[in-house]
Amino acid sequence: MNGRTGAGLDAINYEYPLSERVRTLLRLEDLFERVDYFLHKNDPQEHHIALLSIFEILEVSARADLKSDLLQELERQKQVLMSFRNNPEIAEEALAGVLRDIEQAAGALFSMTGKIGQYLRENDWLMSIKQRTGIPGGACEFDLPSYHYWLHRSVTERTGQLAAWTAPLYPLRDGSAIILRILRESGKPQSLNAPQGMFQQMLGGKTAQMLRLRLDPSMPCVPEISANKYVLNIRFMAQNTDDNRPRTADWDVRFELTFCNL
């Protein structure tokens with residue numbers, strides 16, 4: 001589940017993927033955001049986090065069909081959007097902009113050759129760091145003196161190398177971002193109530209690839225979501241309880257729910 005703060009910090013959006021593909025896209029989005037944040041910092045420990053996040057992107061994107069999945073979905077969305085051309089209810093300029101973004105993202109993905117991140121796997125030095133960082137405390141200076149040396153290079157040098165290692169992966173970021181944007185905008189939110197912190201809805205054939213749940217941050221609870229093709233269950237778990245034991249909220253919880261589908 002991916003918690004995101006809404007505009008103006010007025011709500012928290014919890015996103016729950018209902019397919020493995022969407023789960024992967026959300027993980028990639030989170031990791032690329034983390035790399036972008038820490039890459040532009042100056043401290044060696046922040047650059048260490050950026051590098052670890054690059055390694056995580058490498059693992060998440062290791063699916064053999066990820067690139068083809070993204071290309072197929074981008075092409076499908078392109079065809080859907082092109083059918084809206086000359087529709088008086090659609091802003092032509094906005095539509096053209098989205099189509100242009102899709103074409104650029106698809107072109108960049110298509111240009112990616114070989115296995116995703118292979119250039120990283122062929123860097124023995126990086127792979128030695130990746131192997132050691134899988135061990136708790138395994139990146140100490142006595143384990144990886146060359147990495148300790150790198151962390152003491154200039155900020156400009158470290159930032160430049162981190163950017164060079166990340167840039168070839170950006171087509172994944174950009175393609176995923178377009179698909180997730182279309183997915184998030186596909187549904188209409190509905191205001192609902194969970195009596196005593198429990199909510200159930202029979203789906204009756206309704207399909208979705210992701211659920212978005214919007215909750216007031218002053219509400220001291222978080223949603224636990226389970227769903228299949230028949231029923232959706234949401235249980236709101238109370239937070240900051242005195243005994244720290246997990247328990248269901250014992251009050252009515254107002255929230256917004258959106259079913260998102262491509």
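Computed from a predicted structure; not experimentally measured.
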#### Entry: ILVMFWY network linking Phe32 to Ile49, side-chain heavy atoms under 4.5 angstrom
no
## Note on the structure
Closest heavy-atom pair, Leu109 versus Gly175, reported as atoms and distance to 0.1 Å, is CD1-CA, 4.4 Å
### Task
Would you mind checking if Glu56 and Arg27 are paired as a salt bridge, meaning a charged N to carboxylate O distance below 4.0 Å?
no
### Message
Distance check, rounded to the nearest 0.5 Å: Glu20 atom CD versus Gln209 atom CD?
### Response
13.0 Å
### Message
As an exercise, state the distance from CG of Leu257 to CG of Leu215, rounded to the nearest 0.5 Å.
### Response
11.5 Å
### Query
Do side-chain atoms of Asn261 reach the backbone of Thr207 as a donor and acceptor pair under 3.5 angstrom?
yes
### Task
Using the rule that two of Ile, Leu, Val, Met, Phe, Trp, Tyr join whenever any of their side-chain heavy atoms come within less than 4.5 Å, decide whether Leu180 and Val80 are in one cluster.
yes
### Query
Is the closest basic N to carboxylate O distance between Arg181 and Glu29 below 4.0 Å?
no
### Query
So does Gln118 have more than 12 non-hydrogen atoms from other groups sitting under 6.0 Å from CD?
yes
### Distance, nearest 0.5 Å, that separates OG1 of Thr133 from CG of Leu144
8.5 Å
## Note on the structure
From the list Thr24, Leu26, Leu211, side chain to side chain contact (heavy atoms under 4.5 Å, CB included) partner of Pro17 resolves to Leu26
### ILVMFWY network linking Phe38 to Leu126, side-chain heavy atoms under 4.5 angstrom
no
### Query
Are the side chain of Lys67 and the backbone of Met112 linked by a donor-acceptor contact shorter than 3.5 Å?
yes
#### Entry: Minimum heavy-atom distance Asn228-Tyr230, with the two atoms named
OD1-N, 2.8 Å
### Task
List the steps and the verdict of side chain to side chain contact (heavy atoms under 4.5 Å, CB included) for Lys130 and Leu120.
CA-CA 10 Å; Lys130 182 176 182 295; Leu120 294 172; over 6 Å; no
### Straight-line distance of Asn13 CG to Arg184 CZ, nearest 0.5 Å
9.0 Å
#### Entry: hydrophobic_cluster_shared for Val155 and Leu51, side chain cutoff 4.5 Å
no
### Query
With distance as the sole test, does His47 use its side chain to make a donor-acceptor pair with the main-chain N or O of Lys41 at under 3.5 Å?
yes
### Validation row: Val222, Tyr14 side chains within 4.5 angstrom (heavy atoms)
yes
### Exceeds 12 heavy-atom contacts within 6.0 angstrom, atom CD of Gln79
yes
### Message
Does any part of the side chain of Met198, heavy atoms only, come nearer than 4.5 Å to the side chain of Thr248, both counted from C-beta?
### Response
yes
### Task
Report the C-alpha separation of Cys221 and Met237 in whole Å, then their side-chain angles, then the decisive distance to 0.1 Å, and conclude whether the side chain to side chain contact (heavy atoms under 4.5 Å, CB included) test is met.
CA-CA 5 Å; Cys221 59; Met237 302 302 295; 5.9 Å; no
### Summary
Heavy-atom closest pair (Ala50 atom, Leu162 atom, distance to 0.1 Å) is CB-CD1, 4.2 Å
### Task
Would you check if Arg212 and Cys260 make a side-chain contact, meaning some heavy-atom pair closer than 4.5 Å?
yes
### Query
Are Arg121 and Lys115 close enough, and set up right, to give a side chain to side chain contact (heavy atoms under 4.5 Å, CB included), and what steps lead you there?
CA-CA 10 Å; Arg121 295 183 181 88; Lys115 189 175 182 179; 3.9 Å; yes
### Message
Treating Asp216 as the side-chain partner and Ala11 as the backbone partner, does any N or O pair qualify as donor plus acceptor under 3.5 Å?
### Response
no
### Salt-bridge present (Arg100, Glu103; N to O < 4.0 Å)
no
#### Entry: Nearest non-hydrogen partners of Leu28 and Ser176, listed with the distance
CD1-OG, 4.1 Å
### Message
Are Leu31 and Val35 packed together at the side-chain level, in the sense that at least one heavy-atom pair is separated by less than 4.5 angstrom?
### Response
no
### Query
At their closest point, which heavy atom of Ala249 faces which heavy atom of Val253, and how far apart are they?
CB-CG2, 4.3 Å
### Query
Any side-chain heavy atom of Ile179 within less than 4.5 Å of one from Arg21?
no
### Query
Between Trp125 and Phe55, is there a shared hydrophobic cluster once you connect ILVMFWY residues whose side-chain heavy atoms come closer than 4.5 Å?
yes
#### Entry: Within-4.5 Å side-chain heavy-atom neighbours: Gln190 and Phe259
yes
### Message
Would Arg173 pass as a cation-pi partner of Tyr170, given that its NZ or CZ must be under 6.0 Å from the six-membered ring centre and within 45 degrees of the axis?
### Response
yes
## Note on the structure
Between the CE atom in Met210 and the CG atom in Leu18, the distance rounded to the nearest 0.5 Å is 9.0 Å
### Query
Do Tyr119 side-chain atoms and Trp165 backbone N/O form a donor-acceptor pair below 3.5 Å?
yes
### Query
Which word best sums up how the rings of Tyr147 and His48 line up, parallel for under 30°, tilted for 30 to 60°, or perpendicular for over 60°?
tilted
### Task
Take Leu213 and Glu256 through the side chain to side chain contact (heavy atoms under 4.5 Å, CB included) test and state the conclusion after the steps.
CA-CA 6 Å; Leu213 192 149; Glu256 283 187 356; over 6 Å; no
### Query
Side chains of Glu73 and Leu25: does their closest heavy-atom pair fall under 4.5 Å?
no
### Task
Grab the two heavy atoms, one from Phe199 and one from Ala194, that are nearest each other, plus how far apart they are.
CB-CB, 3.9 Å
### Query
When rounded to the nearest 0.5 angstrom, what distance separates CG in Asp65 from CG in Leu70?
9.5 Å
### Task
Please examine the side chains of Ile234 and Phe255, heavy atoms only from C-beta on, and report whether any two atoms are closer than 4.5 Å.
yes
### Query
Any donor and acceptor pair, going by atom type alone, linking the side chain of Arg158 with main-chain N or O of Leu151 inside 3.5 Å?
yes
### Task
Using atom types as modelled and distance alone, determine if a side-chain donor or acceptor of Arg132 lies under 3.5 Å from a backbone N or O of Gly138.
yes
